[in-house]
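Everything quoted here is computed from the prediction, not taken from an experiment.
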Amino acid sequence: MGTIMTAGERLSKARQVYIYGSGGISSLGAIELQNRLFRFSIPAIAHIDGQMQQMTAAVADPDTVTIGISLSGSAPAAVAATEIARRYGARTISIAPGKSPLAQASEINVVFEPREYDNVKKPASVRYGLMAIVDLIAMATIEYLDDASIERMRRVRLTLSELKGRNRYWPLGD
C-alpha cells in the first residue's frame, strides 16, 4: 500500500497526467484511470496509441505525471514513452510486473504480476485485478486532495442522480 499511496500523492500534485495503456486490458485500465481522476479535477488523458504516447511524453515536464500500464511490462510504446517523459523531468509511475522493462523505466512501479489460465473461453480474470489497482490508486489520490475535490465528486453524483431518478445511492459514475 505504501507504493500506491506514494503514487496517489504524486497524482494529487500533478498539473497534467498522461496514462499509457497498450493492449486490450491495459488500454481498458488506462481509460478507467482517466475516468477516475477527472472527477477530482486532475487533468488526465489516456492514450492507447503508441505514437500519441511518445508525443505526449515529449511535451511532459516536472509538473506532469505519466502512468504506463502493461500486463507484460514490455509494451514497446509504453516503455519508450515512459523513458522519454522521465528524460524531460516528468514523474513516472507504472503498473507492471516487477522486473519488467516498464517497471525499470519508471520511478514508481505498482507491481502487478498477472497470472491467467489457458482456457480462452473464460473472461480474463486479470482485468478485475487491474481494476482493483486502479480503484486503490484513485482512493489513495483523493486522500491527498482538499475538500473541493470531495465537493466535485458530490456534484457528479448529484448530476447523475437527477438523470436516474434521484437515487442518492446510485454508483458514482455509472
Side-chain angles (χ1 to χ4, degrees), residues 1-57 59-61 63-75 77-86 90-98 100 102-103 105-114 123-145 149-150 152-153 155-157 160 171-174:
M1 235 2 241
T3 302
I4 289 174
M5 293 305 290
T6 301
E9 182 178 22
R10 296 269 169 88
L11 288 167
S12 73
K13 296 175 181 175
R15 178 189 50 79
Q16 177 67 57
V17 177
Y18 297 127
I19 310 161
Y20 306 136
S22 298
I25 294 171
S26 298
S27 296
L28 174 73
I31 292 167
E32 185 59 23
L33 188 53
Q34 172 189 306
N35 186 34
R36 298 277 190 242
L37 295 177
F38 92 87
R39 301 166 201 215
F40 310 151
S41 290
I42 295 174
I45 302 171
H47 293 288
I48 60 174
D49 174 81
Q51 288 184 335
M52 281 301 294
Q53 291 173 5
Q54 293 179 47
M55 288 189 293
T56 57
V59 299
D61 61 33
D63 293 325
T64 304
V65 172
T66 67
I67 303 173
I69 303 172
S70 173
L71 298 186
S72 69
S74 59
V79 173
T82 300
E83 290 170 344
I84 293 165
R86 196 165 178 186
R91 308 312 298 256
T92 55
I93 300 169
S94 60
I95 302 171
S100 66
L102 183 56
S106 305
E107 292 175 272
I108 297 170
N109 181 50
V110 176
V111 177
F112 184 44
E113 303 279 352
S125 60
V126 297
R127 182 177 68 205
Y128 301 108
L130 181 57
M131 290 302 104
I133 291 171
V134 164
D135 284 346
L136 288 170
I137 290 172
M139 285 174 37
T141 302
I142 199 152
E143 290 295 324
Y144 293 98
L145 296 173
S149 298
I150 306 276
R152 288 182 202 98
M153 289 181 61
R155 289 174 17 202
V156 168
R157 175 168 281 161
L160 290 177
L172 183 64
D174 186 26

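- Shown here for A105 and E83, the closest heavy-atom pair between the two residues is CB-CG, 3.7 Å.
- Salt bridge present: R91 and E107 bring a charged side-chain N and a carboxylate O closer than 4.0 Å.
- The shortest non-hydrogen separation linking V59 to Y18 is CG2-OH, 3.8 Å.
- The line from CZ of R152 to CZ of F38 is 12.0 Å long, rounded to the nearest 0.5 Å.
- Between F40 and L145, the shortest heavy-atom contact is CB-CD1, 3.5 Å.
- Not one N or O on the side chain of Q53 forms a donor-acceptor pair closer than 3.5 Å with the backbone of A81.
- In this structure a side-chain-to-backbone donor-acceptor pair under 3.5 Å is present from N109 to A96.
- Between the Y144 side chain and the S12 main chain, no donor and acceptor come within less than 3.5 Å of each other.
- The backbone N or O of G24 sits nowhere less than 3.5 Å from a side-chain atom of S27 that would complete a donor-acceptor pair.
- Among all heavy-atom pairs drawn from I42 and L11, the shortest one is CD1-O, 3.6 Å.
- No more than 12 heavy atoms of other residues, nucleotides or ligands shown are found within 6.0 angstrom of CD1 on I48.
- Between I69 and A30, the shortest heavy-atom distance links the atoms CD1-N, 3.6 Å.
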- Quick one: do M131 and L28 satisfy side chain to side chain contact (heavy atoms under 4.5 Å, CB included)? Show the steps, please. CA-CA 9 Å; M131 290 302 104; L28 174 73; 4.2 Å; yes
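- The CG atom of L136 sits 10.5 Å away from the CZ atom of R36 when rounded to the nearest 0.5 Å.
- Annotation for P97 and A103: closest pair O-CB, 3.3 Å, computed over non-hydrogen atoms.
- Note that CD1 of I4 and CD1 of I95 are 8.0 Å apart. Values are rounded to the nearest 0.5 Å.
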- Should I133 and V110 be marked as a side chain to side chain contact (heavy atoms under 4.5 Å, CB included) after you check the CA-CA gap, both sets of side-chain angles, and the distance that decides it? CA-CA 8 Å; I133 291 171; V110 176; 3.9 Å; yes
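- Note that the CG atom of L33 and the CD1 atom of I45 stand 13.0 Å from one another [nearest 0.5 Å].
- Q16 contributes no side-chain N or O that, together with a main-chain N or O of A60, makes up a donor-acceptor pair within less than 3.5 Å.
- To the nearest 0.5 Å, the span separating OG1 on T3 from CD1 on I137 amounts to 10.0 Å.
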- Query: I19 and H47: side chain to side chain contact (heavy atoms under 4.5 Å, CB included), yes or no, with the steps?
  - Reply: CA-CA 6 Å; I19 310 161; H47 293 288; over 6 Å; no
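- Note that CG of L71 is 6.0 Å distant from CG of L130, once rounded to the nearest 0.5 Å.
- Side-chain atoms of S26 never come within 3.5 Å of backbone atoms of G23 as a donor-acceptor pair (strictly under, hydrogens ignored).
- With hydrogens and angles ignored, the 3.5 Å screen pairs a side-chain donor or acceptor of R39 with a backbone N or O of N35.
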